[in-house]
Amino acid sequence: MRKAPISYLSHISRHKPQSFAPFLFRNYISDPSSPSSSSSSSSSSSSSPLVSHTHLKPCVKTHVLFFKPNQFRKNPFRNMDTLVERPTQLSSRQRKVKQKAELEEAFESAKTTEEMLKAFKDMESAFDEGELGLASLKLGLKFDQEGEDPEKTLSFASRALKALDKDDKPSLLVAMTLQLMGSANYNLKRFNDSMGYLNRANRLLGRLEEEGFSGEDVMPVLHAVQLELANVKTAMGRREEALGNLRKCLEIKEATFEKDSRELGKSHRDLAEAYVAVLNFKEALPYCMKALEIHKKQLGQNSVEVAHDRRLLGVIYTGLEEHKMALEQNQLSQKVLKNWGLSSDLLRAKIDAANMEIALGKYDSAIESLKGVVQEMDKDSETRAMVFISMAKAMCHQEKFADSKRCLEIACGILDKKETTSPVEVAEAYSEISMQYETMNEFETAISLLKRTLAMLERLPQEQHSEGSVSARIGWLLLLTGKVQQAIPYLESAAERLKESFGSRHFGVGYIYNNLGAAYLELDRPQSAAQMFAVAKDIMDVSLGPHHADSIEACQNLSKAYAATGRSPSTSRTTKKKARGGSPNNHPVKALPLPHTSVSSRSSEPDIPVSQNLSSTN
């Protein structure tokens with residue numbers, strides 16, 4: 001995880017401060033108004049975690065403490081120069097106090113990690129372990145900022161926590177240490193441990209607020225904790241929950257920074273990206289628009305930040321199926337990226353534009369654009385493979401299946417060499433390729449590629465949402481090809497994964513439960529089928545609305561299952577069915593495919609076509 005540059009004040013000692021306000025730095029958030037943080041602000045701005053269509057990157061951390069000189073010192077030897085007539089011979093106790101003061105001074109003066117470690121080692125011979133809490137915390141923070149040795153970070157954080165956490169009284173220093181423990185465990189991929197420390201820090205900070213601690217002290221640490229919680233939950237696939245933490249981060253920044261500051265612009269875009277990652281484009285739109293408004297006001301129309309905002313806005317409009325508006329934003333973004341010479345970003349924007357043209361039915365134009373882009377790509381790059389996949393999609397729409405397959409074969413040849421080094425990108429590409437084969441009715445090839453994709457994703461806990469999507473797609477294809485018994489475990493697994501990632505009311509979960517119902521009815525288990533259809537209907541009514549075509553489809557499937565069990569559906573369900581002109585006894589059960597795009601780039605209000613009937617259930 002990237003971190004903004006860290007600044008330490010040069011003095012720290014073992015004594016607890018009387019007031020926390022002076023020793024905290026402005027916050028764990030970079031403060032562009034402060035001269036000392038200008039470089040931090042710049043770094044933070046330049047490392048924006050722009051989300052691709054499918055992946056939310058970890059949020060950038062800009063934390064750690066500032067301690068003011070002599071804040072913790074109450075050392076009698078500080079003023080020894082002013083004393084007169086002192087005996088030249090010091091007592092044993094005085095020599096020990098003076099030695100400690102000199103060791104502390106050496107530690108405070110250390111700048112590099114090596115110097116700090118040497119000074120700390122010298123301190124260990126003179127100080128008790130309980131007196132080394134703050135020094136341990138400072139070293140842990142230094143290692144965390146460098147990000148190269150999370151084990152050492154954890155070691156010093158553990159020592160700090162043991163020294164500082166001595167009673168049940170809420171302490172800001174303990175909260176900071178818990179946050180550091182959470183960060184170290186996150187970097188070690190010990191996500192459950194990280195969550196435990198961060199949740200405790202969050203509770204402790206709540207108690208401090210209740211006891212009247214200044215917001216200037218608590219809010220910076222709370223921001224760091226909330227940001228880390230968002231990162232951990234995202235890594236665990238719990239993206240819907242992470243949104244709450246990111247919203248809290250934005251609220252803290254809104255209370256900290258001036259209105260419409262650049263930092264707020266970036267935070268609004270980060271939150272928009274997070275909503276895109278959970279497919280909620282409707283919620284993402286206002287945050288992205290606000291980011292664009294702020295960056296245009298602060299930086300001008302031709303800034304890189306504005307270009308990034310517009311590219312994300314294009315992704316959002318695509319998700320909302322506003323393809324003309326998406327293309328317009330993309331073209332505006334391309335102009336700025338070209339002026340700044342950002343060739344790699346520009347090429348990705350061109351690929352996005354071609355996909356938008358495909359969505360608009362402009363297949364020839366898209367293919368010509370992609371032919372130009374492919375000439376600028378490295379021969380073996382994953383991005384070049386994505387170009388061929390997009391080209392294959394356009395040709396597939398033109399029913400040029402032989403040409404489409406050749407493009408897919410080229411893409412697979414590139415991706416096969418990248419499975420180890422770029423597993424996320426390759427898995428995403430394989431999933432897209434499988435959809436093209438599915439469109440061409442090459443179901444066995446599609447299933448084979450999806451199983452290969454699933455095996456890769458199962459090793460990546462942060463891709464749990466993609467794992468659920470792929471598992472659902474395999475289950476759907478097995479159901480479609482008559483392999484009903486094989487489909488059920490894939491569908492059941494998909495439901496659990498997507499519930500954990502997006503919540504139990506997400507539209508994708510509704511489609512999976514509908515397909516489970518279809519599978520159970522195919523196996524002559526009408527009661528189980530009715531249970532699944534009922535859950536699907538409830539979810540779709542909430543996520544899509546009761547009048548959406550697929551919500552009505554789920555209702556009709558439920559009626560079919562009730563008819564098979566000899567029970568009668570409720571009057572309201574029958575009324576809805578009659579409104580569509582159907583009859584419970586002659587309506588064929590239909591399995592509904594997930595959107596024919598990657599689940600992570602799909603609108604939360606999709607218009608999804610109903611698939612082919614399962615003939616055996618007619």
Side-chain angles (χ1 to χ4, degrees), residues 50-57 277 315 343-345 347-355 358 366-367 369-397 400-474 477 490 594-602:
L50 186 62
V51 170
S52 70
H53 293 213
T54 57
H55 305 295
L56 175 64
K57 297 180 181 177
V315 173
S343 56
S344 60
D345 288 334
L347 287 174
R348 284 192 291 269
K350 287 181 178 179
I351 298 171
D352 290 344
N355 287 324
I358 292 171
I367 290 171
S369 297
L370 291 168
K371 285 180 178 178
V373 170
V374 80
Q375 300 300 321
E376 302 179 56
M377 296 286 179
D378 292 336
K379 185 177 180 180
D380 293 324
S381 71
E382 301 99 287
T383 309
R384 187 169 183 264
M386 295 306 298
V387 172
F388 280 107
I389 294 170
S390 294
M391 203 177 298
K393 185 190 300 183
M395 292 173 176
C396 187
H397 280 291
K400 297 177 180 178
F401 298 135
D403 291 340
S404 179
K405 288 179 184 178
R406 277 195 291 272
C407 288
L408 295 178
E409 288 167 2
I410 293 171
C412 285
I414 296 171
L415 296 168
D416 185 59
K417 306 170 187 175
K418 304 289 184 177
E419 287 189 8
T420 304
T421 56
S422 305
V424 174
E425 292 79 5
V426 172
E428 179 182 339
Y430 281 159
S431 181
E432 181 66 30
I433 292 170
S434 74
M435 291 179 187
Q436 302 309 313
Y437 279 113
E438 180 185 330
T439 301
M440 294 183 283
N441 293 330
E442 302 253 351
F443 298 124
E444 292 302 324
T445 304
I447 292 171
S448 176
L449 266 173
L450 286 172
K451 287 183 177 180
R452 186 173 179 180
T453 303
L454 187 62
M456 297 171 63
L457 293 172
E458 285 173 342
R459 297 191 292 269
L460 304 169
Q462 71 273 21
E463 295 302 313
Q464 180 172 269
H465 63 297
S466 297
E467 181 184 342
S469 171
V470 170
S471 187
R473 181 68 62 179
I474 294 172
L477 287 174
Y490 285 102
L594 283 177
H596 216 235
T597 59
S598 172
V599 72
S600 50
S601 61
R602 181 66 190 180

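Numbering of residues begins at 1 and proceeds along the displayed sequence.
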Does the side chain of Asn355 reach to within under 4.5 Å of the side chain of Lys393, using non-hydrogen atoms?
yes
Arg452 CZ to Ile447 CD1 distance, which is reported to the nearest 0.5 Å
16.0 Å
Once you round to the nearest 0.5 Å, how far does CZ of Arg384 lie from CD of Gln375?
8.0 Å
Nearest heavy-atom approach of Val387 to Leu370 is CG1-O, 3.6 Å
Considering all heavy atoms of both residues, which atom of His397 and which atom of Ile358 are nearest to each other, and what is their separation?
CD2-CG2, 3.8 Å
A side-chain contact here means heavy atoms from C-beta on lying under 4.5 Å apart; do Glu382 and Thr421 qualify?
no
For Leu449 and Glu438: C-alpha separation, side-chain torsions, deciding distance, then whether side chain to side chain contact (heavy atoms under 4.5 Å, CB included) applies.
CA-CA 11 Å; Leu449 266 173; Glu438 180 185 330; over 6 Å; no
What pair of heavy atoms forms the shortest contact from Ser434 to Ala446, and how long is it?
O-CB, 3.4 Å
Inter-residue atom distance Lys405.NZ - Cys396.SG, 0.5 Å rounding:
9.5 Å
Pairwise side-chain contact, Met391 with Lys371, heavy-atom cut-off 4.5 Å (strictly under)
yes
Does Ser448 use its side chain to pair, donor to acceptor, with the backbone of Glu444 at less than 3.5 Å?
no
Which is it for Asp416 and Tyr430 under the side chain to side chain contact (heavy atoms under 4.5 Å, CB included) test, yes or no, and what are the steps along the way?
CA-CA 10 Å; Asp416 185 59; Tyr430 281 159; 4.2 Å; yes
Using 0.5 Å steps for rounding, measure from the CG atom of Leu415 to the CG atom of Asp380.
10.5 Å
With heavy-atom distances below 4.5 Å as the criterion, would you say the side chains of Arg473 and Ser431 are in contact?
no
Are side-chain heavy atoms of Val373 and Met377 found at a separation under 4.5 Å?
yes
Taking only residues two or more places apart in sequence or in another chain, which ones pass side-chain contact (heavy atoms from CB on, under 4.5 Å) with Ile410?
Phe388, Ile414
If you define the side chain from C-beta out and look only at heavy atoms, does anything of Ser404 sit under 4.5 Å from Met440?
yes
Side chain to side chain contact (heavy atoms under 4.5 Å, CB included) for Cys412 and Ile433? Distances and angles first, verdict last.
CA-CA 8 Å; Cys412 285; Ile433 292 170; 3.7 Å; yes
When every non-hydrogen atom of Leu450 is compared with those of Val470, the smallest separation belongs to O-CG1, 3.4 Å
Just wondering, are more than 12 heavy atoms of other shown residues or ligands nearer than 6.0 Å to NZ in Lys400?
no
Look only at the side chain of Arg459 and the backbone of Ala455, and say whether a donor-acceptor pair between them is shorter than 3.5 Å.
yes
To the nearest 0.5 Å, atom CE of Met395 lies from atom CD1 of Ile367 at 4.5 Å
Can you name the nearest heavy-atom pair linking Ala427 to Met456, along with the distance?
N-CE, 4.0 Å
Polar side-chain atom of Ser469 near backbone of His465 as donor-acceptor pair, under 3.5 Å:
no
Side chain proximity check, Thr383 to Ile351, heavy atoms < 4.5 angstrom:
yes
Set of side chain to side chain donor-acceptor pair (under 3.5 Å) partners for Tyr490, sequence neighbours left out:
none
Taking atom CD of Glu376 and atom OG of Ser344, what is their separation to the nearest 0.5 Å?
11.5 Å
Side-chain contact test, heavy atoms from C-beta onward, threshold under 4.5 Å: evaluate it for Arg348 versus Lys350 and give yes or no.
no
